[in-house]
Structure formats: C-alpha cells, structure tokens
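This report concerns only the one structure given below.
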Number of protein chains: 2
Amino acid sequence: MSNITEIARRARVSRTTVSRVLNNHPYVKPDKREAVLKAMQDLNYVPNLNAVNLSRGKTNVIGVIVPTINHPFFSNLIEGIGRGCHKHHYRLLVHQSNYDPGHEIEFFNMLKYKLIDGLILGSSMLPAAALDELSHYGSIVSCEASGSRLITKVLVNHESGIRMAVDHLRSKGHRRIGLCIGNPISGIGISRKKAFSALLEAYGLDWRDDWYFEGKYSVEDGSAVAASIAGQSLAPSAMVVGSDYVAAGLIKEAARQGIKVPEQLAVIGFDNQPIAQVMDLTTIQQPIVQMGETAAAALHLMLTEAERPADQTLELELVVRQST
Amino acid sequence: MSNITEIARRARVSRTTVSRVLNNHPYVKPDKREAVLKAMQDLNYVPNLNAVNLSRGKTNVIGVIVPTINHPFFSNLIEGIGRGCHKHHYRLLVHQSNYDPGHEIEFFNMLKYKLIDGLILGSSMLPAAALDELSHYGSIVSCEASGSRLITKVLVNHESGIRMAVDHLRSKGHRRIGLCIGNPISGIGISRKKAFSALLEAYGLDWRDDWYFEGKYSVEDGSAVAASIAGQSLAPSAMVVGSDYVAAGLIKEAARQGIKVPEQLAVIGFDNQPIAQVMDLTTIQQPIVQMGETAAAALHLMLTEAERPADQTLELELVVRQST
DNA sequence: ATAAAGTATGGAACGCGTTTCACAGCAACC
DNA sequence: GGTTGCTGTGAAACGCGTTCCATACTTTAT
C-alpha cells in the first residue's frame, strides 16, 4: 500500500506538497497539483487515517455511552446523535455499559487515549465527582441530569413531564396515583422520583408505598406491575409509568385481570413510542431524537469553539389517548 | 501529556523496555518493571492509542452499517453485535446509511483508511459486485443475503420464515394470502419476495397484485395497508407482514374499520417484538440479537485466524397468538 | 529601481508506540 | 570447557501524515 513518500517521489515533489494537495491548501501550482493527483490515482493511494489522527491529535470520532442500545429511548437517542454527528462529519463510537460503572470507566479511557474527541452520555451510573474528574480529559455532554457542574447537559424536562402527567390525571379526578420507573439511581429515575414526590406533597394526594415500582423496563415488567396492583386491597386509580413498553404491558395484563382501563385504572406512559399508538396509550412525548441531535451539535460547538454552550432543556408534550 | 520517552528517561530504561512493560512482554526484570510502573504512575501516563494503532496497523474497532438505528430489527442487531464485540475487545463504530449507497461507500472507506479492522453489514444497498470489490480492503460480514461470494454471511433463514408463516396460514384454511414487506430491493426484501412467490406457485394459492405491499416500515404504514385492504372488492383473508410494527398498525386499523382479526383477516408478523406480545400478534421470531453476536464472532475469527468461516443460517420460530 | 508582500516548495522535526536486530550475561548440557 | 539456548536490554528503523521554518521566486507598491 502506497504512502505519501511514494506519491511524492512519483510526482517529483516533496512530501509537504503532497500533503498540501491532500488538504487543499493553496500555494500549489496547478501543474504540480495535477502531477500529485495523477500519482495518487496511479498508485491507488489511500491515506492512513491513523497517521492523520496521530499527527493532528484528534480523530473526528465521538463516543456514546448508553446502558443498552436495544431500548427505544436509547435507540432513538442514538439515531439523533448519529444524524447530528453525520452533519458535522463525526463518526460515532457506541458503547453499551449495561449500567455497569466499570464498563463506563473503561470507555471513558477512550477519551484519555485520544481515540475519541468527545463523549455523549446517554445515561450514566457514575457519581458527579467522577464525571467532573473525567471531564478534564475531554468534552462531555450528558443527556440526563447530573450533579456535575463541569459537563454540559441537554435534557428533557423530567419535572415538567411528571407534572403534565399528574396534572392531567388530577384533572380527570384521580387522587390515588402510583408511579413506576426504570432505573431508580440513574439521573432520569432520580429526577422523576423527586418531581413526583414534590407533587404528591404539593397537591396533598393519597399515597401508599406499594403504589411505587422501580426497575421496570419491559412489557413483562408491566404485566407484573398490573398483577401486583390487582392484588392490592386499596389500589391506585391511576399510574404514571416511565416507559410506554411497561405501560403497554400493564394495560394488557390489567385487561386480562378484568381491570377496566381507564375506568378502574388510568395509565399514562412516556415517550410516545409506536407501541403507545397501537395501545391507545396516553403518553408524554419526549423529543428524544431531537435531544440526540442537539447533544451532538452542542458537543461540536465545544470541540470547535472551545466554549461551553449553555445547558439546554427540551420541552415535552402530552399526547392524550384512550388510557386516561 | 507524557509519552514513553519521558517514562523511559525517568525509569532509567530504554523506550523498548517501557513498551515491553506496557504490553506485558516477558523478559523484563522485576525491578525495572517496577521502576517503569512507578514512573507511569508519577507522570500520570496515558498511552496514545492513535500511535498504537498506527504502529500496529489495526485499531480493534469494527464498523457496522445499518439503514437506521431506530428500528427494532437493527437496534436488536446492534445490541448483539455490541455484546459480541465487547467479548472480543473490539469497539463498535456505528453508521446509519439511511439506505443511501453513497453514505455506505463513504463508510466503507473507513476500512480502506484502516480506521476499522472489519465491517458488519446490517443491510446494504450495494450490488454484489461492489461488495466483492470492497471486500479486498478488509474483512466483511453481512447479515443479509447477498450475491457476493466473497463476504461471509450470517443470516436468518428468510425462506424458512416465510414458509412457516404461509404453512401456518394454510393450515388455518387460508388461500388468499397477501404479503407486506419493507425495502423491496434490500437482501431481506428480495429473499422474502422470492420465497413467497415460490410458495404461491407451489401451493397454487390465489393471488392478486393489490395484495402485495412494499416500503412499509411503521405503525402508520400498517394502518395504510389495512385501509387499502378494507377498500378491496376481493380482499386477502390473511396477510404475511415483514415487521411486527406494521402488523400492529394493520390490526389496529383493521379493528377501526370493523374488520375482525383473525376471523376476517389473519395477520402474521415478523420479529416477536414487544409490540407483538401486547397486540396478541402471531409472529415469526427471529434470533436477531444472537445473529449480531454470531456475526461479531465470525468477524473476530476472520481477523484473528485469517480464515473465512462458513456462512451461517439461524433458524426461526413460529410464535402463535390470537391474530391467526 | 527597490523595498515590501505574496506565492511556491522543500527539509526536517514532530506526534508516539512497536518491532527487528544485535548483543551481553548466564545457566544448562555433553 | 565449549556449545547451545534462554534471559534481559537497548539502538534504530518503522508506520505515515502534518506542520514549522527557511528559502527562492514573483509581483505589486513606492
């Protein structure tokens, strides 16, 4: 495989000139430029990007950490990040952490090792202090709330989402409202729990601890929640569920148990995934793809302007269907 | 930022010895090894992986091309590939081609440029000849059928999937069976169409051209199909649908139109996604995650043993629910 | 005509770790 | 006692493009 030295020899110019042609620098006479291009053609030249990366000290690759790709929230997010990256000519290195901090740190090393120029966090288990520390090695954008003051955040307004859901249910007359979330110690989970508690208190709503469910991610998990509710002597009349999948499973199993939705149990989901549409699920639509794009754009800004853009919060939207 | 030269100076050894310590080569006396490790600690040394990559001529990164991440088939596939990669210590560069051949070729250059060691094709629009040509630049594994004889394939048996679906419907007495697929000119689409036609002929089933739909990917697309069927004077009594999402949309809209499923219209989907579960959809389960893992393992073999593993075909499974 | 400014090009250093080769020291083997 | 073979270490070349600096030739300005 040929390299610039060979090209230079063949075109009877210096390696510097070849490099200039390669990078479209001015100050190369047309005839020499021609000669270089011809030599590259003849020798079927392909530049070695590793050498370029080493030389330039950057790679045009940005990394993404998500717990799992195979969850609509994160695949939507990556879709958006991917679009944003492509627009700004970055490539995308994706890492599944499985919610394992060890895996996360392993990937953070890519930043230290200069294999990626920047990093977008889909969801992280690392404490704020660790993120602050790691942010010294490169630009980081987080898509979830985090105590870290050093990294830029692009978030959906979880408080507002929970408020929309609860307000909607209250407007329908509900006072016994349960909550079901995914990972309780991720940024999203923490935000949602906190927002929900605050509303419970502010509105003086009823509450029982067995109206709270956590670690629920899948349709099956939703079924389990329904089964549990069905067995309660005093059951909630409405559930706020952090994922459409879980909400769908909940509705499905509720139907099987003879619980009428929405008459006996109102259900509101999050994300407005396709599954919400077919299940006639009222849901809080989150602009996830847009969040990904925004995050990529923010990171691009940090990498090029070396300035830290302000945190951004994207707004949600209530989509009312038949489940409430 | 420190480099091995500084480490070497500080530990009073040669750069070679530092490299040996770094790579756990034998033949380094314990005291020197200690000294090097201490120097690395003191100077907060982080190796520059770009230099390593350049030097070694490989990157331990493998690329994946998919049309879009945000589709359950592909996010499942990437999930599996991600797991397989992690197991073998590869990192994963993901590229969304949007079914645009130009985008694909752009990414193939990563292989030429030596930025990735190998490539997994989720779905490609490139003709077999182009793939053959590109396969000279590095190892490629495809997850869909392709005319290319040079690249390794890890597939699900689409013929068998279509046959399962049709046989199941025939056993329920259906003779007017329609087909609905996604991209008709991708490998998957072609395989499915061909398999379906062959069965139509073999079984002597009825056929009308307006029982065939292509380019259907989403729940909305499924609704459109249902609407179209509702308007037909002679409608199919059963539909084989290449995606659970589309099938779910179809069922939903059919219900709205007063078409009874499965009595008036039986529907069978593909993938056994969560949405199939909540919609009580009979479906052909595809081992997509496993396919991803298998593809990653195959690529690993090609990269380490330099041998081309045999093509692999994974088997499908019929999951019977209420829609047939 | 001469200084100033721009155009054009090459040499050499740089970024940084890996690997080949040569060689020294030392133990085992016949 | 001499050969064989392993252990341990370093110098130097290598992989490859970018960039700083110096130099030389043209123009343009004065």
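Letters A, B, ... mirror the listed sequences (proteins, then strands); counts begin at 1. Note that this is a predicted model, so its numbers are computed, not measured.
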Of A51(B) and K32(B), the one whose closest nucleotide on DNA chain D sits nearer the 5' end is K32(B)
Separation of dT9(C) atom P from H25(A) atom NE2, nearest Å, is 14 Å
Here the distance between atom P of dT7(C) and atom CG of D31(A), to the nearest Å, is 17 Å
| said: Taking any heavy-atom pair under 4.0 Å as a contact, classify P26(B): base, sugar-phosphate, or nothing. | reply: nothing
message = Base, sugar-phosphate or nothing for T17(B)? Non-hydrogen atoms, less than 4.0 Å.
response = sugar-phosphate
Atom NZ of K114(A) and atom P of dC14(C) are separated, to the nearest Å, by 18 Å
Can you find a heavy atom in the side chain of T304(B) that is under 4.5 Å from one in the side chain of H300(B)? yes
Rounded to whole Å, the NZ-C1' distance (K29(A) to dG6(C)) equals 13 Å
| message | Could you check whether the side chain of R20(B) and the base of dG10(D) have a donor-acceptor pair of N or O atoms closer than 3.5 Å, going by distance alone? | response | yes
query = Does the side chain of V141(A) reach to within under 4.5 Å of the side chain of V154(A), using non-hydrogen atoms?
reply = yes
>> Does N23(A) reach a base, just sugar-phosphate, or nothing at all? Heavy atoms under 4.0 Å.
In response: sugar-phosphate
Winner on side-chain proximity to N48(B), out of dA8(C), dG17(C), dG17(D), is dG17(C)
note: N24(B), atom CG; dT19(C), atom P; distance rounded to Å ~ 14 Å
Of V52(A) and S19(B), the one whose nearest nucleotide on DNA chain C sits closer to the 5' end is V52(A)
Just so I know, are the side chains of N53(A) and K58(A) near enough to count as touching, which here means a heavy-atom distance under 4.5 Å? no
Atom CG of L22(A) and atom P of dT19(D) are separated, to the nearest Å, by 11 Å
### Distance below 4.0 Å between Y27(B) side-chain N/O and dG8(D) OP1 or OP2
no
H136(A) vs L150(A) side-chain heavy atoms within contact, under 4.5 Å: yes
Q | Check: R15(A) side chain, dG17(D) base, donor-acceptor under 3.5 Å | A | yes
* Asked: Heavy atoms under 4.0 Å, any strand shown: does V13(B) hit a base, just sugar-phosphate, or nothing?
  -> sugar-phosphate
Rounded to whole Å, OH of Y45(A) lies from P of dG15(D) at a distance of 14 Å
- Is there side-chain contact between L54(A) and N48(B), with heavy atoms separated by less than 4.5 Å? yes
Between S14(B) and S55(B), the residue closer to the 5' end of DNA chain D by nearest nucleotide is S14(B)
Original post:
With distance as the sole criterion, do the side chain of T16(B) and the base of dA11(D) form a donor-acceptor contact below 3.5 Å?
Top reply: yes
Whole-Å distance, R33(B) CZ to dT7(D) P, equals 14 Å
